[in-house]
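Numbering of residues begins at 1 and proceeds along the displayed sequence.
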Amino acid sequence: PEDRGRAGKALSLNISSGGMLVLMDYAPPVEQVLKVLVPTPTALAGTPTLAEVRWTRKMPFGRGNGNGPFFVGLKFLF
């Protein structure tokens, strides 16, 4: 996902036609729109898609200083 010029990587945990659940090292603001590059199985290039952050949840373990990782629920925008 890309965050206002901030490029990064996220681990996709679940994907459907309506959205996806990703694991990120930070929690983007709810309602923020991200440009997501979804890899395709037949090409090295990804398909760009816009997705809105619907919710974030800090994982119950990990670094205790307020940093990630975070579960992030994204809704695809069509």
Next on the checklist: How long is the straight-line distance from CZ of Phe76 back to OG of Ser17, given to the nearest 0.5 Å?
Outcome noted: 8.5 Å
Next on the checklist: Among residues at least two apart in sequence or on other chains, which ones pass salt bridge (charged side-chain N to carboxylate O under 4.0 Å, His left out) with Arg57?
Outcome noted: none
Next on the checklist: As an exercise, state the distance from CG of Leu34 to CG of Leu77, rounded to the nearest 0.5 Å.
Outcome noted: 9.5 Å
Next on the checklist: I want to check something: taking the side chain as every heavy atom from C-beta on, are Pro28 and Thr56 in contact at a cut-off of under 4.5 Å?
Outcome noted: yes
Next on the checklist: Using the rule given for side-chain contact (heavy atoms from CB on, under 4.5 Å), can you reason through Thr49 versus Lys35, listing the C-alpha separation, both sets of side-chain angles and the distance that settles it, and then say yes or no?
Outcome noted: CA-CA 6 Å; Thr49 302; Lys35 181 170 74 174; over 6 Å; no
Next on the checklist: Distance check, rounded to the nearest 0.5 Å: Arg54 atom CZ versus Glu31 atom CD?
Outcome noted: 6.5 Å
Item to check | Non-neighbouring partners of Leu13 that pass side chain to side chain contact (heavy atoms under 4.5 Å, CB included), sequence neighbours left out | outcome: Leu11, Leu21, Leu23, Phe71
Checklist outcome for this item: With Val22 as partner, the option from Val36, Val72, Ile15 fulfilling side-chain contact (heavy atoms from CB on, under 4.5 Å) is Val72
